[in-house]
Amino acid sequence: MAFETEEEETLSTTQTKPSIFGQRLKAARDLREIKAYPLGHKSGIDPSTIDNFVNGESEWPNGYTLRQLSSELNISADYLLGLNELPER
């Protein structure tokens, strides 16, 4: 792959794939039709933290964050962690 600038090459190598948690969080948000800001406001989790999970900048939540997000989305924490294929609680 050819890059025109060093910046393009750096961006290409620093982008990461979201963890299973980030992928499932995105799917749950899509299912509930809620964006990061309103979810953050309702759950008490900073919207940038939510975006970091979805964008692959952070991999796994702490217990508090997991509990708040799963509760607000009405989704099983096991589903968000990739331990269960069904999102229902």
Exercise for review: Give the intermediate values and the outcome of side-chain hydrogen bond (donor to acceptor under 3.5 Å, both in side chains) for residues Asn62 and Thr65.
Suggested key: CA-CA 5 Å; Asn62 62 32; Thr65 300; 2.9 Å; yes
Practice item. Start with the C-alpha gap between Lys42 and Gln68, add the side-chain angles, then the distance that decides, and say whether side-chain contact (heavy atoms from CB on, under 4.5 Å) holds. Key: CA-CA 9 Å; Lys42 290 179 177 183; Gln68 293 300 106; over 6 Å; no
Review point. Heavy-atom distance under 4.5 Å between the side chains of Pro61 and Phe53, does that happen here?
Key: yes
Exercise for review: Side-chain contact test, heavy atoms from C-beta onward, threshold under 4.5 Å: evaluate it for Leu69 versus Phe21 and give yes or no.
Suggested key: yes
When rounded to the nearest 0.5 angstrom, what distance separates [atom1] in [X] from [atom2] in [Y]?
{"X": "Ser43", "Y": "Tyr64", "atom1": "OG", "atom2": "OH", "answer": "7.5 Å"}
{"X": "Lys35", "Y": "Asp30", "atom1": "NZ", "atom2": "CG", "answer": "8.0 Å"}
{"X": "Ile75", "Y": "Arg29", "atom1": "CD1", "atom2": "CZ", "answer": "12.5 Å"}
{"X": "Leu39", "Y": "Ile34", "atom1": "CG", "atom2": "CD1", "answer": "4.5 Å"}
{"X": "Leu66", "Y": "Asp78", "atom1": "CG", "atom2": "CG", "answer": "8.5 Å"}
{"X": "Tyr79", "Y": "Asn84", "atom1": "OH", "atom2": "CG", "answer": "9.5 Å"}

Check your understanding: Can you tell me if Thr49 and Asn52 form a side-chain donor-acceptor pair at under 3.5 Å?
Key -> no
Exercise for review: For the pair Glu85 and Arg24, find out whether any cationic side-chain nitrogen is under 4.0 Å from an anionic carboxylate oxygen.
Suggested key: yes
Taking [Y] as the starting point, is it possible to reach [X] by hopping between hydrophobic residues whose side chains are less than 4.5 Å apart?
{"X": "Leu73", "Y": "Ile20", "value": "yes"}
{"X": "Val54", "Y": "Trp60", "value": "yes"}
{"X": "Leu25", "Y": "Leu31", "value": "yes"}

Practice item. Give a yes or no on whether the backbone of Glu57 and the side-chain of Asn55 come within a donor-acceptor separation of less than 3.5 Å. Key: no
Revision key, fill the gap. Closest non-hydrogen atoms of Ala36 and Pro47, given as atom of the first, atom of the second and distance, are O-CB, 3.8 Å
